[in-house]
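Everything on this sheet refers to the single structure shown next.
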There are 2 protein chains.
Amino acid sequence: MERRSLTLEDVAREAGVSRATVSRVINGVRNVDPAIRDVVREAIERTGYAPNRAARSLVTRRTETIALVISGAGEESDGPAHGDGPSHDHDPSHGDGPDGPHNAFAARVFADPFFGRVVSGVVGFLRPRSMHPVLMVAESAAARKQVTGFLRQGSADGALVVSTHAEDPLPAMLVAEGLPAVCFARPARPVPVSYVDLAHRAGGRLAAEHLLAGGRRGLVTVTGPLDLPAGQERLAGFRETLERSGMPYVPIAEGHFTRESGAEAMARLLAEHPALDGVFVANDLMAQGACELLRERGRSVPGDVAMVGFDDSSVALTCRPPLTTVRQPVERMTAAMAALLQEHVQGTRTEPTSLIFEPELVVRDSA
Amino acid sequence: MERRSLTLEDVAREAGVSRATVSRVINGVRNVDPAIRDVVREAIERTGYAPNRAARSLVTRRTETIALVISGAGEESDGPAHGDGPSHDHDPSHGDGPDGPHNAFAARVFADPFFGRVVSGVVGFLRPRSMHPVLMVAESAAARKQVTGFLRQGSADGALVVSTHAEDPLPAMLVAEGLPAVCFARPARPVPVSYVDLAHRAGGRLAAEHLLAGGRRGLVTVTGPLDLPAGQERLAGFRETLERSGMPYVPIAEGHFTRESGAEAMARLLAEHPALDGVFVANDLMAQGACELLRERGRSVPGDVAMVGFDDSSVALTCRPPLTTVRQPVERMTAAMAALLQEHVQGTRTEPTSLIFEPELVVRDSA
DNA sequence: GTGAAAGCGCTAACAT
DNA sequence: ATGTTAGCGCTTTCAC
């Protein structure tokens, strides 16, 4: 049943040439007589030959595989306990128990609509090149070791890192080991690593301008986590613009990019500034929460309060009303990450590089 | 900068033993003197050695990698055109253009909250075993070839297949090539392949019983695609139960598991049966659509109309009101898929096997 | 332009 | 219990 896999040797015999020639044909090296080339191609076709990845990888030192890492900060496993073997994990909900997700982190991350767009962009770039990402989750120290180990043993050529927390140590670890990596968003503390990011400040500006253009003057904002560059910059852009319009003071409430925190922040703002008539919420998930809270409190959107979100994630459409939002071209950004990583792997680019994308205002019904 | 990677040889020298011994220690083979074992371990630690995956894979004929394939039916690329090379694609939106996702399929799939749960379950099983899934999308004939090719060249040991359409030819292709595979849900047409599935019929029953228990008598249902076993069975279970309660006739409207189709189906039902007071919607996404439509039409949920969804996906919580729904333990199911595949790969199980999971009613606010 | 041959780093007989 | 050795299937000099 398990037919011994075909080798170059078999194809070579079939075509009446040497292994080397078949190899050349497969790898598209010139210096091959067109006639012979066709004969070989036919032999490959006829036999259904598929080159062995491991063998090739062993000699080329390339895997043509990249890792897509969803990485969190040190949370659980960086606590006081240490010295355990690398495969042990301190999270009590860990393990392949009957409860499905081995930990809350993975479940949370994969449920985020943002994740789908990330994957979509990466796959969009990779697939036409016959490459496919290996998905890794790294929220603990042990998991991060797994990532570097994975790369060091040559299981992948490099890593695409999407961090969910500001203090993620993974980028620095990768750099320290000399492993090719590209991050989504500039790391909170400087690391000589390539990254792709959004012009967050410009995004905040777009939001402010739109709200202002709509005649709103009682403006407030629900910010993202202010220890994240993205959180700071979006706020800065928003503030800046209002300031230029003679509104130096803007009430703010900090959220952490979750729906619940958006609702809570909105509640605080509403309590302190009942006259508000426009709000910039630093991501769509929080905007959804804010929207619901506003409705509960009897304020209509956009009638009483105009709202601009950020990201243009799927919830922007799901939300009632559909959200006017600052679109982050996530798919293009993650595709660019893959392209950049590819260059680093191939050695056609060596210096850490950053690519900044421009946001775009998508006007729907909320403002 | 690029330090030549360490080899077994280096570690062996460092530890003063032979390559074979180091190999034994690493692979946990007995027959190693504990003292020597420790010396070797220390040498590994000291040198920071990481075994080369390709080299190992070449001899073991195992990759310790599995593919997670999100697969659609033949759609675009199975049209009249054919004979193109495998890397060509007919979808005009294909390619790494500036528009992000190389095709609508990937974008649609990855945006589905269901996808996150699938990944979460798979990763939950794999990660404690230091394995990581390779993500593949296969919605065209060419893409499916890529999948079988990927496995045939030994890039992965087997595939986990999640089909989004009834007539997906991939499972049959995999079986025909003798490649290890496990599917999510029973294939629409019989294929001798292992799969994990839900007792859909029991789920339909749960929904009916709950609605009945709530005193609702004007019951209708929005079904899933009726060419899918899941669609048929959920309906059958629902019908069955009502029939036993003396309600042989149930108005139905078919949807295709999208929010829009749910709203449309609900609209049809409402037009024909304005007196309805309870509805079973065959998935949460459609339920959300139905819910919104009901509200637009001035019917409150659950006041005027009680609603039970299916899946318990993230939208069940997002939905206003939060959905009472039939929970599908997706994470456990996909973890089981991975476990089953593992057995097939290791040869500890050879016959196609099916694992059926029981659904569970989650009562929230909509019914 | 093509073939012969030398490894890539590892595991698994087989010897010892 | 440990070392020696023969490949796994491929790419890549190096001759021709």
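Below, chain A is the first sequence line, B the second, and so on; all start at residue 1. Note that this is a predicted model, so its numbers are computed, not measured.
Between B:L160 and B:I66, the closest side-chain pair of non-hydrogen atoms falls below 4.5 Å. Counting heavy atoms from C-beta on, the side chains of A:F184 and A:T334 come closer than 4.5 Å.
Regarding B:R13, its CZ atom lies at a distance of 12 Å from the P atom of C:dG9, rounded to whole Å. Computed from coordinates, the A:R61 CZ to D:dC10 C1' distance equals 13 Å when rounded to whole Å. Here the P atom of nucleotide D:dG9 and the OH atom of A:Y49 are 10 Å apart, to the nearest Å. Atoms CZ (A:R53) and C1' (D:dC10) sit 14 Å apart, rounded to a whole Å. In this structure, A:R19 places its CZ atom 10 Å from C1' of C:dA6, rounding to the nearest Å. Atom C1' of nucleotide D:dT12 and atom CZ of A:R62 are separated by 15 Å, given to the nearest angstrom. Atom C1' of nucleotide C:dC10 and atom CG of B:L8 are separated by 6 Å, given to the nearest angstrom. If you take CG of A:N52 and C1' of D:dT11, they are 13 Å apart, rounded to a whole angstrom.
Of the side-chain N and O atoms in B:S18, one or more sit less than 4.0 angstrom from OP1 or OP2 of D:dG3. Under 4.0 angstrom from either OP1 or OP2 of C:dG9 there lies at least one side-chain N or O belonging to B:S5.
A donor-acceptor pair under 3.5 Å is absent between the side-chain atoms of B:S155 and the main chain of B:L151, judged by distance alone. Looking at A:D10, its side chain does come within 3.5 Å of a backbone N or O of A:T7 through a donor-acceptor pair. Side chain of A:S354 to main chain of A:Y195: no donor-acceptor pair is present (N/O by atom type, distance under 3.5 Å, no hydrogens or angles).
Ring geometry for B:F115 against A:F115 counts as parallel: the plane angle stays under 30°, on a 0 to 90° scale with 60° as the upper cut.
Within residues 20-45 of chain B, the residues that place at least one heavy atom under 4.0 Å from DNA chain D are, in residue-number order, B:A20, B:T21, B:R24, B:N31, B:V32, B:D33, B:I36.
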Is there a side-chain hydrogen bond (donor to acceptor under 3.5 Å, both in side chains) between B:R144 and B:T148 once you walk through the steps? CA-CA 7 Å; B:R144 280 189 288 274; B:T148 56; over 6 Å; no
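Among the nucleotides D:dG9, D:dT11, C:dC10, the one closest to any side-chain atom of B:L58 is D:dG9.
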